[in-house]
Structure formats: structure tokens, C-alpha cells
Amino acid sequence: MLTQGPRGTKDVLPDTSCQWQYVEKKIRATCDIFAYQEIRTPIFEHTELFLRGIGETTDIVEKEMYTFQDRGERSITLRPENTASVVRSFLENKLYGQATQPVKLFYVGPMFRYDKPQAGRFRQFHQFGAEAIGTQQPTVDAEIITLAVCFLQDLGLTELKLQLNSVGCPNCRPAYRDTLKAFFSSKLHDLCSDCQSRYDRNPLRILDCKNPACQAASLGVPEISACLCGECDDHFAALQRLLGVAGIDFTLNPRLVRGLDYYTKTAFEIQYAPLGAQSAVCGGGRYDGLIEECGGPATPAIGFAIGIERVLLALEKQNLLPELSKTSTVFIAPLGEAAQLMAFKLLFEIRKQNIAADMDFMGRSIKAQLKQANRQQARFVAIIGDDEANSGNVMLKDMTAGTQELISVSEVANTILKQMGEL
RNA sequence: GUGGCUGUGGUGAAGUGGUUAACACGGCGGAUUGUGGCUCCGUUAUUCGAGGGUUCGAACCCCUUCAGUCACCCCA
């Protein structure tokens, strides 16, 4: 259908675009304060990047990517997330060599996933994310988490819940995997079909399953915190101390597992419960192996992504969105052709003085034009009829006071500036 | 991908087989000569998401499809 956009997409119309601008402004302000710089990567990449980066067995890669062949017969994919692209760009532009370390980046932009649309879930959606690349120090984990939390809190959101876990590293995760497999081996038939396949491919994900049968089966499961290696354990403990110092509340959730394969050590998620089913507003974690996996030097990194649509929904729930203010200072109301010519000239003279101005483009009656000026909340209306056009004057009406005076066209901008200055 | 609910003008909606599809808001026009916000009057859907079928007759029944919505799943 020509009159219908693709499923799961949304237009941002003039009455809501100011809300997006508000959030984007807050993103830039927060990142500026945290010393993160913006990076803009293309919205499509070679499919291979996401296969390797995100993991071939993840849901995103298996069934949610917008993949197509371009005219050069390359397999191209619309980015389902931005971390892989940032890593690619980091390597391609050799940011590990030139910039001060760690490299601290943020991005804002559209992502694409072929999901079934639902509240807070779209096929084109927008993420704000940040990545700190180049250090394994827990201080940067704490900084990244603090950045996400501060951003959301500064917007005024309450009822935010930060959940924290450590998913281990290549040294200790295999051991935990084995522990899990040993634990579930006797209960395999109790698990849902998804989890039965997860048993072999990614047993960690069983912990995350919401199926009551699987939750029951995993009662008494050994927690990963008990199986972390010394390094991961120290790292996790240090992170918790740092968050404590920063005054960031969190709950430990030993079952928190991120859906993307590249995560190591720190994993976190920020929930905003009132959103319902899609309550995750932010997700992130450390990905110490990803850059090497992509062919770069072994480089530790951590990042997060925040769903902007979900943030907007949360802000709406709490009535924290800015009002649309649509005011042009002056509205020019010409009557007749001669007046229109003069009005058009005046319009641009006024605008040159940086005064927001609009005029009638419908050829309507004076009454209708004033009505429109009123709707637009114009402070002044410059009425130009035959008399005024002939004498080079303008009837300038103050819409708040209801008064009007006849002045020369050349005086209009100055008069307005003067009156505005008095306010 | 699976399942539930929904789909009437710009918006919110009434109408659930029978002549011209309520009502409200909004829009447009008007109520003394060129003046808004209040009030009053007029006007504003050849058509009920789309396509097919049943019927003398369909917005109302059936099928298909598209979309929205909610849940599962997944995730931001």
C-alpha cells in the first residue's frame, strides 16, 4: 500500500519531534560531561560482521536481521545493533593507535530487527549507546554504568532498577558451562524445547528462560558467582565497590545473561517495570573478546545500548515530556495582491532580524488570518490592506494586549524588537 | 515465529442485515464596512482498513489479506 509505511516503522511527526530533540539533547549533554565523543557509522555493514560479532546462534542473527544482496552481489545487513560497527570502525581507522586510551565513544541512530511489533518493540528503532574501548579496569565498567544511570535519572525517570551480574571470562566460563550441563543433564526432559537445544549450544541461556518448567528445573542451580575465576571475581567485587562509591543502587541477578554472545565479565540491564513486557530500557556489558574475534589486537571493552523509543514511553508514563511550543513571533496578514507583495518583502526583512515570522499563504479573509495567527500564538500581527499598501504603512497589532498602531513598514522590525526587549 | 483482541471522516466514537452512516471535537465559511481568543448558524464520510463471497439487500454474516494492539518469545 502506498499510504502505509512498512510494518513496525513509525513516523515522527512535528508534534512529537520536539520530544526526540529533547532526549537527543540530553544524550549529547550527558556524553559531553562524561567525555564521550560521538561516532557515526553506516546503517548497513557486511553481513559477516554481525555473524562474527553478535554470534551465529543468537536470535538476532538467526531470525531478525534485514539481510539482502546488493547489486555487486555482496551480502549486506541493516545493522541490528551498533557495537559491531563501532568495533569495525575502531579497527579500520586504527583508533587503538592514535587516540588517547581508552577510546570513549557514543552513538545515536536507527537499528533494524525483523521482530513482531509490540509495545516498545519496532522493526526500526533507535538506540543511544556508549562504548569504552581499551581497558579492562573495573573503573570504566563503573563509569559506563554510571553514564547510563545518570542519563536516565536526569530525565527524571524513577522506578529504574539496575541489575548486575558477571558472566565470567574464557578462563572460567567453560567450567561453569560444564557445571550447568552436569546440573541439567538429569533434568533435560523437564526443560522446554528451546532450552533443550540451549543445553548444547548455550546452557547459560537456560537460566534466563521464563518458562515456569525451566525455572522450576533450575531451582538450586549453582550460581556463576561461585564459579568465577580469581580475576573475574576481583573485577566484579571492585565494580561493586565503585558503584557503591558512586551511589548507584543495584541488585545482583545471577541469572542475568545477555542475548549477544560477545559479553564477558560484567553484564547489566536497567529495567523500567511500568513499560510492561518490554521493560528493558538499557542493556550492556563487557566484551573483552570481541575485538580480537573481529581480527584486531586483543582489546578489552565495555558498552551499553539504550532504547530511545522505550525511554520516550517511560517519559510519557511519568509525564516528563516537553510541551510542543509552536510560536512564531509575527504573523503577516495581507489583504489583496498589492498587499501580498509588500507582505512577502516584509516577511524576509523581519526574518533577517532573526525574528520568527510567518504569513498567510491561503489568501484568506482578515478574520481567518487573525484566527490562524491566534492559533499559532503569534505575539504580533502585521496587517496590510490596500490603505497600508498604498501609504507604505502596516497596522501592527499586539495580540496579547489587543492594541494596534499604524507604523511605517520600515519600522516594523525595530518596533517588534523594542517591544520584545521590554518584556 | 505462535496466540488473544481490534480496524467506521482529520480525531474520539454511535450504529451489529433494510430507505439520506448518529453525536462530539477539529477544519472551513458566515453572523454590519478590513480584526483573533467567547457565543451562535451553516458546512465538512458516494462510504465503514483492503479484496472476495453469502443475500433481493451488508459497516454489520463468512473467507482471505493488511495493519494496529496485547501476551509468549526475544531484546533496546
Side-chain angles (χ1 to χ4, degrees), chain A residues 1-10 13 15 54 58-64 79-83 107-129 148 152 192-195 198 205 208-212 214 256-260 268-272 275-285 303-314 331 333-336 339 360 362 364-389 395-404 406:
Chain A
M1 251 244 186
L2 248 44
T3 54
Q4 191 166 71
R7 189 160 199 209
T9 65
K10 230 175 42 173
L13 298 175
D15 62 335
I54 300 172
T58 57
D59 278 21
I60 293 178
V61 168
E62 279 183 342
K63 45 194 188 194
E64 295 175 4
R79 62 182 185 195
E81 57 100 52
N82 207 17
T83 299
Y107 59 84
V108 189
M111 309 294 158
F112 306 85
R113 290 184 201 173
Y114 192 86
D115 252 340
K116 186 157 170 181
Q118 193 181 324
R121 197 168 79 184
F122 311 94
R123 290 184 173 177
Q124 178 178 159
F125 61 102
H126 296 75
Q127 286 186 336
F128 150 47
L152 296 168
C192 71
S193 57
D194 278 345
C195 284
R198 282 171 184 150
R205 298 284 304 283
D208 212 22
C209 187
K210 278 101 187 167
N211 188 311
C214 301
L256 178 68
V257 178
R258 308 257 72 238
L260 292 74
F268 65 96
E269 190 166 304
I270 301 174
Q271 305 269 349
Y272 184 79
L275 285 187
Q278 314 298 323
S279 62
V281 153
C282 171
F304 69 78
I306 286 176
I308 298 182
E309 282 84 353
R310 290 185 188 176
V311 168
L312 252 14
L313 284 171
F331 188 90
L335 298 164
D360 170 75
M362 299 293 283
R364 283 206 269 245
S365 68
I366 177 72
K367 191 172 178 163
Q369 293 192 46
L370 275 162
K371 205 171 165 182
Q372 186 183 340
N374 190 57
R375 261 202 304 264
Q376 292 183 198
Q377 298 169 44
R379 291 244 7 259
F380 303 95
V381 176
I383 299 164
I384 307 173
D386 288 338
D387 295 348
E388 288 86 354
M395 187 64 82
L396 189 66
K397 175 163 180 149
D398 182 321
M399 291 297 274
T400 348
T403 56
Q404 61 183 29
L406 193 66

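Naming convention: chains lettered A, B, ... in sequence-line order (proteins, then strands); numbering from 1 in each chain. Below, all heavy atoms of this structure are taken into account, side chains as well, without hydrogens, waters or symmetry copies.
- For the pair A:E62 CD and B:C73 P, the interatomic distance rounds to 17 Å; values are reported in whole Å.
- B:C60 sits 11 Å from B:G7 when the P atoms are compared, rounded to a whole Å.
- We find that CD of A:Q127 is positioned 6 Å from P of B:A76, with the value rounded to whole Å.
- Checked against A:R310 for a side chain to side chain donor-acceptor pair (under 3.5 Å), the options A:Q127, A:Q278, A:H126 give a single hit: A:Q278.
- Residues satisfying the ring-ring contact (aromatic ring centres under 6.0 Å, His included) criterion with A:Y272, sequence neighbours excluded, are absent altogether.
- Remark: the separation of the C1' atoms in B:G18 and B:A59 is 13 Å, to the nearest Å.
- The side chain of A:Q4 lies closest to B:A67, out of B:U35, B:C75, B:A67.
- Stems are defined here as 3 or more consecutive Watson-Crick or G-U wobble pairs with pairing distances under 3.5 Å; those involving RNA chain B are B:1-7 with B:66-72, B:10-12 with B:23-25, B:26-31 with B:39-44, B:49-53 with B:61-65.
- Here the nucleotide nearest the side chain of A:A119, chosen from B:G36, B:G34, B:A71, is B:A71.
- The base of B:G34 lies close enough to the side chain of A:E388 for a donor and an acceptor atom to sit less than 3.5 Å apart.
- When distances are taken from the side chain of A:K116 to each of B:G1, B:U35, B:C74, the shortest belongs to B:G1.
- Nearest nucleotide to the A:F125 side chain, out of B:C70, B:A76, B:C72: B:A76.
- A:F380 has its CZ atom 21 Å from the P atom of B:U35, to the nearest Å.
- In this entry the distance linking CZ of A:R121 with C1' of B:C73 reads 7 Å, nearest Å.
- When each of B:G29, B:A76, B:U69 is scored by its nearest atom to the side-chain atoms of A:R7, the top-ranked nucleotide is B:U69.
- Listed candidates were B:U35, B:C73, B:A76. Nearest to the side chain of A:L370 is B:U35.
- A:F122 comes within 4.0 angstrom of a base, heavy atoms only.
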Name each donor-acceptor pair under 3.5 Å that joins a side chain in residues 109-117 of chain A to protein atoms two or more places apart or in another chain, with its distance.
| unit_1 | atom_1 | unit_2 | atom_2 | d |
| --- | --- | --- | --- | --- |
| A:R113 | NE | A:P80 | O | 2.8 |
| A:R113 | NH2 | A:P80 | O | 3.0 |

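- Of the candidates B:G27, B:A76, B:G34, B:G27 carries the atom nearest the A:R375 side chain, counting heavy atoms from C-beta on.
- The listed nucleotides are B:C70, B:G30, B:C74; the one nearest the side chain of A:S365 is B:G30.
- Rounded to whole Å, the distance from CG on A:D398 to C1' on B:G36 is 13 Å.
- Distances were taken from every side-chain heavy atom of A:A305 (C-beta onward) to each of B:A76, B:G29, B:C72; the shortest belongs to B:A76.
- Closest non-hydrogen pair, A:F331 versus A:D360, comes out as CZ-N, 3.5 Å.
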